[in-house]
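For reference, the structure discussed in these notes is given below.
The chains referred to below are lettered A, B, ... by the order of the sequence lines, with proteins before strands, and numbering in each begins at 1. Atoms considered below: every heavy atom in the structure, side chains included; atoms not considered: hydrogens, waters and symmetry mates.
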2 protein chains.
Amino acid sequence: MARTQGSHSDITGPRIMDAALRLFAQNGYAAVSMRQIAGAVGVQAGALYNYIPDKQTLLLTLMQRHMDDLLSAVADHPRPEGAMNRLEAFTRFHIRFHSERPDEVFIAYMELRNLNPENFATIEGLRGRYENMLEEILRQGVEEGVFAVPDPKIATLAVIAMLTGVNTWYRSGGRLSLPEVEEIYWDMVRKSVAA
Amino acid sequence: MARTQGSHSDITGPRIMDAALRLFAQNGYAAVSMRQIAGAVGVQAGALYNYIPDKQTLLLTLMQRHMDDLLSAVADHPRPEGAMNRLEAFTRFHIRFHSERPDEVFIAYMELRNLNPENFATIEGLRGRYENMLEEILRQGVEEGVFAVPDPKIATLAVIAMLTGVNTWYRSGGRLSLPEVEEIYWDMVRKSVAA
DNA sequence: GTCTATAGCGTGATAGAC
DNA sequence: GTCTATCACGCTATAGAC
């Protein structure tokens, strides 16, 4: 341990991202110093700048990676027939995906204020694309006559807020298993938009 | 303008609280300096300490005041007969109360990390009392047979997450009026827990 | 009650040795 | 690629004049 010189370590880059992710989620972007991140990785603060241009870009990269992962995963997810089946697939996907990445989700919601305007617009654009997928499902269900929502845009935000709320209390190994959580929330989502 | 000496201003205390509230909500507790707060009030940073012992207590006071207001308001609210009517009253109350205080709500949710452990426990205790009111309504509805929720505790958190989500998009003067918003959300809440 | 000044420390980022 | 050292500045909080 306690290396003092030389490039004895590869994969420092990913370790920086991991440490920043964890520390930002725990203490908040503004409250975490570059020295803290460096300490968690086991290097001096100056060494971080071999991998990232600055702190702001580090935050943006973490958020962007999360949103890209989300959009890739939802695109890869099977897309069943019928709005009801699609809504169920979306609900279960959302809960599972988000419960597996509590730190990323926390940062993506809580640290938007700390993005500069350009970076904020980037992330909000990605989030909008995800929300539009649910909105499309709801509109399809209204057309099919299986859903009754007076305002699909608002219903989208309501459902996503409810589902993302799982992350505020769910802990792996707690009272409820993830399949049980999925079941409870799917029951509520289904009924909330039902015709 | 530009006073330089003397106690030419009363009500500096409340103005400090207002400025801190607005700045914390906009930029985050950790990102806001005492100098910024003082500047918004129109005094020097040192003068703040005539009114508050330190920055941490300032944050706690803002949160505590919000939670006390919330609990007082919900206690004063009419309590109709029957779980269905009580749930409707709670839903409309929650939306209205929270939409009127976007900054307080934002801080109360986002800045929990920046409370020290003792202060965190205080605020979480107050929040728990509020959540318990909704949980009681849901349990009553299950007994009455008007609601079907497999887990009242989780359903409570799901409903509150959905309702508090209004604050992320609702703006006074926007596309939807507050009564319209209430109507849309009450429709979804009612159905989500329906038997 | 507010001011100025400052103590004591931490910040993000950079330069140059190795 | 990491180190040490440092720049230039900002931070919270306090002391003492007025």
Under 3.5 Å, which donor-acceptor pairs do the side chains of residues 118-126 of chain B form with other protein atoms, sequence neighbours left out?
residue, atom, partner, partner atom, Å
B:N119, ND2, B:Q56, OE1, 3.0
B:N119, ND2, B:N116, OD1, 3.4
B:T122, OG1, B:E118, O, 3.2
B:E124, OE2, B:R127, NE, 3.2

All N/O pairs under 3.5 Å across the protein-nucleotides 12-15 of chain D interface:
residue, atom, partner, partner atom, Å
D:dT12, OP1, B:M34, N, 3.3
D:dT12, OP1, B:K55, NZ, 3.2
D:dT12, OP2, B:M34, N, 2.8
D:dT12, O4, B:R35, NH2, 3.4
D:dA13, OP2, B:Y49, OH, 2.9
D:dA13, OP2, B:K55, N, 3.1

Rounded distance (Å) that lies between atom [atom2] of [N] and atom [atom1] of [X]:
X     : N      : atom1 : atom2 : answer
B:N50 : C:dC3  : CG    : C1'   : 10 Å
A:L58 : C:dA13 : CG    : P     : 10 Å
B:Q36 : D:dC11 : CD    : P     : 7 Å
A:I37 : C:dG12 : CD1   : P     : 8 Å

| task | Quick one: sort the B:Y185 and B:W169 rings into parallel, tilted or perpendicular, breaks at 30° and 60°. | result | parallel

>> With a 4.0 Å cutoff (strictly under), does any side-chain N or O of B:Q44 reach OP1 or OP2 of C:dT2?
In response: no

| Under 4.0 Å: is that the gap between some side-chain N or O of A:T12 and OP1 or OP2 of D:dT2? | yes

Going by atom type alone, with no hydrogens or angles, which donor-acceptor pairs under 3.5 Å involve a side-chain atom of residues 69-84 of chain A and a protein atom two or more places apart or on another chain?
residue, atom, partner, partner atom, Å
A:S72, OG, A:D68, O, 2.9

**Asked** Can you find a pair of side-chain heavy atoms, one from B:M162 and one from A:M188, that are under 4.5 Å apart?
**Response** no

| Are B:L87 and B:F147 side-chain neighbours, meaning at least one heavy-atom pair lies under 4.5 Å? | yes

Legend entry - Any side-chain donor near an acceptor of the partner, B:Y170 and B:H98, under 3.5 Å: no

